[in-house]
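Since we're looking at a predicted model, the values are computed, not measured. Below, all heavy atoms of this structure are taken into account, side chains as well, without hydrogens, waters or symmetry copies. So you know, we letter chains A, B, ... as the sequences are listed, proteins then strands, and number each from 1.
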Number of protein chains: 2
Amino acid sequence: MVGSQQDEREQAGGRQRLTLVLKQTTLLGGLDEDHLAQLVAQGGRRRFDANQSVFFEGDRATGLHIVLEGRVRVFKTSPRGREQTLMIMGPGEPVGEVAVLSGETYPASAETLDPSETLYIPRQAFLDLVSREPEVAMRLLSALSVRLRSFASLIEDLSLRDVSERLAAHLLALATEGADEEMIDLDVSKSQLSAAVGTVPETLSRAFGQLARAGAIQTRGRKVHIKDRALLAQVARVKP
Amino acid sequence: MVGSQQDEREQAGGRQRLTLVLKQTTLLGGLDEDHLAQLVAQGGRRRFDANQSVFFEGDRATGLHIVLEGRVRVFKTSPRGREQTLMIMGPGEPVGEVAVLSGETYPASAETLDPSETLYIPRQAFLDLVSREPEVAMRLLSALSVRLRSFASLIEDLSLRDVSERLAAHLLALATEGADEEMIDLDVSKSQLSAAVGTVPETLSRAFGQLARAGAIQTRGRKVHIKDRALLAQVARVKP
DNA sequence: GCACTTCCTTGACCTAAGTCAAGTACGACG
DNA sequence: CGTCGTACTTGACTTAGGTCAAGGAAGTGC
C-alpha cells in the first residue's frame, strides 16, 4: 500500500502547485484558493505534444483552455492549405473563451507550438464563475478588449499594408517587447512567422531580404539584428 | 411660462422615451428604469449629421456611444487614403467600448452613415455599471465575443480569399439576414461596400461583373438579385 | 426639366505577391 | 562525424488587384 499513499500525496501536491500557477494568471489571479481548487476539480489538466491540435474550427465548443505551460497558436486555414495565425497564447492565457461566451462552435483551430499543458474548464463551470465573480468578469472584459485591439491591427495590416511593411511592424513589436531592443531571437519558425504576417514563406524571405538590403536589419538564422530602428519604423509606418 | 413648462414636459417625456429605447437594447435591456435613468443622466444624447465623425483613431477615449438611431461605421484608414471598414453598428449597439475597457485611445475611427443619434456614456460611469451589474457584464462579454468572431472572419477573408470570393460571401450573408433571400437591397454605397470587402471601388465593380457573367447574380443599381444561390455559395466557398 | 456634381464602370497599365521548382542550409539522429 | 529530412532561399513565371484616367450613370439642387 506504500505506493498508493505516495500517489495520493503527489496528487494533492500537484493540485496545490496548480492553484499557485493559476494565482499568477491575469484572468484568475484574483480568486481565492477555494474557488481555484473548485475550478481545477471541475476541469482537468490536459497535456499536449508539440504541434498537436487542441481543437478544430467548427468543433462543438465544450469548454476553454487556460495555457499553463507552452504555447498555443490559434489560426484559420484555407482550402488550399494556407494558414493565417490569429494569435499565439502563452502561460496564463485563455484559449477558446470566445466560443464559450457566444455561439456553438470554435471559430478557429488551435494547436500547440511546444509541448504544452492546459487547464481545461467546461463551458458551464466557466460561465457560472464569470457571472458570480465580478472581478473575473472585468478581467475577462479587459482581455477580450485587448484581443479586439490586436485583431483590428491585424485587419489593418492585411488590408492596408504590404508585406514588407507588415514584417517591419512585426519585428518592431517583437523588439519592443523583448529583453533586447536591438537583437530579436525569433521564437517561432520562419514558416510560422509568415503565417502570422499573412503571407507565404517565399514572400517572407523576400521581405527579409528587402529590409536587409535597405540596411534596416541583419539576419543570421533565427536572430535578427535591428541595425537602423528609425528606418525600420519608417518602413513600418509607425513611430519608432 | 407656458412655453417653459412645455419644454420641461418634453424633456421628461424625451427621457422616458429614451429609457424605453434603451430597454430594447441587448446590452442594457436587463436594467431597471432607475438604473437606465441614472445612466442617461450621467451621459448625454449626441446628434450627428450623415457622414460625420464620432471619434478618431488615436483620440483619447473618454467614453462610449450607444447608437440610438442611424448607423455608425468603424474603420481604419491608410496614409494613402484607403479605408477598411471594421464593422457597422446600428440602433442599440455600442461603439467605442473596446477603448473604454482597455487602453487609452480609440483603436479605430467612427463616423455616421446616416443622420444619427447616440447616447454617450462616460468611461467611469460605464465601468461602474459593468462592475456592479453582472447581467450587463455577461451581455457585454457575449457582445465582445460576437465581435471577435466577426473580426476573425474578416481576417480570414482578407488573408485567405480573393475579392470575388469575399464579395460572394458578403452577398450571401446579406441575403441570409435580409427579408428576401433572393433580392438584396444594398443599404450602403458601392464605395462603402468595397471598403467593407477590403478592396477599392474599381475592383469591386469587376468582382460584381464576374459574378454576374458567371450567372450567380444580376445587379440593377443598388439591387442585387441572387439568381443561383448554390453557385454563389460555391464561389464563396461556404455552405449555401 | 436642366445643369452640375458625385458615384460607378471600364480600360490600360504596372506591380506586389503567390505558385512552382530547384538548390542550399540547418537541425536531428545514429 | 556523416546522413537524411526538413526548412529556407532564390529564380522564373503568372495572376490578382491596385492606380490612373476617362466616360457614363445616377443623384441633387434650382
Round to the nearest Å and state the distance from [X] atom [atom1] to [N] atom [atom2].
X        : N      : atom1 : atom2 : value
B:Arg161 : D:dA16 : CZ    : P     : 17 Å
A:Arg220 : D:dC8  : CZ    : C1'   : 17 Å
A:Gln84  : C:dG18 : CD    : P     : 11 Å
A:Asp162 : D:dG17 : CG    : C1'   : 14 Å
A:Arg206 : C:dT19 : CZ    : C1'   : 10 Å
A:Leu193 : D:dA7  : CG    : P     : 15 Å
B:Asp157 : D:dG17 : CG    : P     : 12 Å
B:Glu165 : D:dA16 : CD    : C1'   : 11 Å

Between [Y] and [X], does any NZ, NE, NH1 or NH2 come within less than 4.0 Å of an OD or OE carboxylate oxygen?
X        : Y        : result
B:Glu93  : B:Arg71  : no
A:Arg166 : A:Asp157 : no
A:Glu165 : B:Arg80  : yes

Closest to side chain of [X], choosing from [options]:
X        : options                : value
B:Thr199 : D:dG18, D:dT9, D:dA16  : D:dG18
B:Ser205 : C:dT10, D:dG18, D:dG11 : C:dT10
A:Val200 : C:dG18, D:dT10, D:dC8  : C:dG18
A:Val163 : C:dA17, C:dT19, D:dG17 : C:dA17
B:Glu202 : D:dA21, C:dC8, D:dG17  : D:dA21

Upstream residue (5' side of DNA chain C) when A:Gly221 and A:Arg82 are each assigned their closest nucleotide
A:Arg82

Parallel, tilted or perpendicular: ring planes of B:Phe55 versus B:Tyr106, cut at 30 and 60 degrees
parallel

